[in-house]
Amino acid sequence: MRSHERCGCLPKNGIVSHVWACTPRDNSRMTISRTELLQAFDSLLQPERFKDYGPNGLQVEGKARIGHIVSGVTASRALIEAAIAARADAIFVHHGLFWRGQDGCVTGWMKQRLQLLLAHDINLFAYHLPLDAHSELGNNAQLGRVLGLAADARFGDNDLGFVGPAVFSDGQSLADHVARSLGRSVTWVAPQGDAAPQPIRRVAWCTGGAQGYFEAAIAAGADVFITGEISEPQAHLARESEVGFIAAGHHATERYGAPAVAAQVAGRLGVSHQFIEIDNPA
Ligand SMILES: [Zn+2]
């Protein structure tokens, strides 16, 4: 674990899983072109392989030269303001600004976020499903690292689901481990189906709002499914099946991919990078 005291990106509740390099802006370092950075993200994450809910890549064009990248989970106003304070030239996030189904008007929160980005000439890069899916640096791979889980198979749409051997043999212990590792409480729904409770052998996970992947996780042979959110139907499904459900937070399960990718790309291209955690109870 590295100390993030100088850059201030250690979350307040003391999450201990930062392994990415974190380097506050350093004006003596080189800069790279916006195009070079976009190509590096694209070749790593291969957005052309995905049919997504919004555009992946450069969502808002800023300055042509980039020396410092701030990564974060969501392009919220709080993150943009923190990136301005950190003198970022580019922001790299999982949840960008533009999604299918929006009304397309630049009003309210959208106006405020865009105004901040444009006024400070900051580039916004956003990658959604490609960032969930990357086999080593993506949200799922990195959540697995944080939880000590290694996938030996994938499942579900776009192969976003990860599944592998369990690290605990009972669900409550696994749920407690997830809560400790992520620094927050989790929702644990124990299975009550005919064959439950059985020792857990296989754990499946898919970060964020992937409660809809529960049945695919059951079909993939999981004994427990970990994701960010739970909706009403999954509680019943878990109780009626032999498969437990852990909801550990959309934000909490998705804060590891963006810094892992941004740190790798920044390190390779010789620019600085820092992750900024904007706390989110959801
Ligand atoms: Zn998400």
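Since this is a predicted model, take the numbers as computed values, not measurements. Every number for a ligand or one of its atoms is a count from 1 in the order of the listing.
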Look at the N, O or S atoms of [X], main chain and side chain alike, and state whether any lies under 2.8 Å from the Zn ion (ligand 1).
| X | answer |
| --- | --- |
| H94 | no |
| D132 | no |
| H128 | no |

### Query
How close do A86 and R25 get, heavy atom to heavy atom, and via which atoms?
O-CB, 4.0 Å
### Query
When the ring planes of H250 and H95 are compared, do they come out parallel, tilted or perpendicular, using 30° and 60° as the limits?
perpendicular
### Task
Could you label the plane-to-plane angle of the F162 and W205 rings as parallel, tilted or perpendicular, counting under 30° as parallel and over 60° as perpendicular?
tilted
### Query
Looking just at side-chain N and O atoms, do Y213 and D157 make a donor-acceptor pair shorter than 3.5 Å?
no
### Angular separation of OE1 (E254) and NE2 (H250) seen from the Zn ion (ligand 1), to 10°
90°
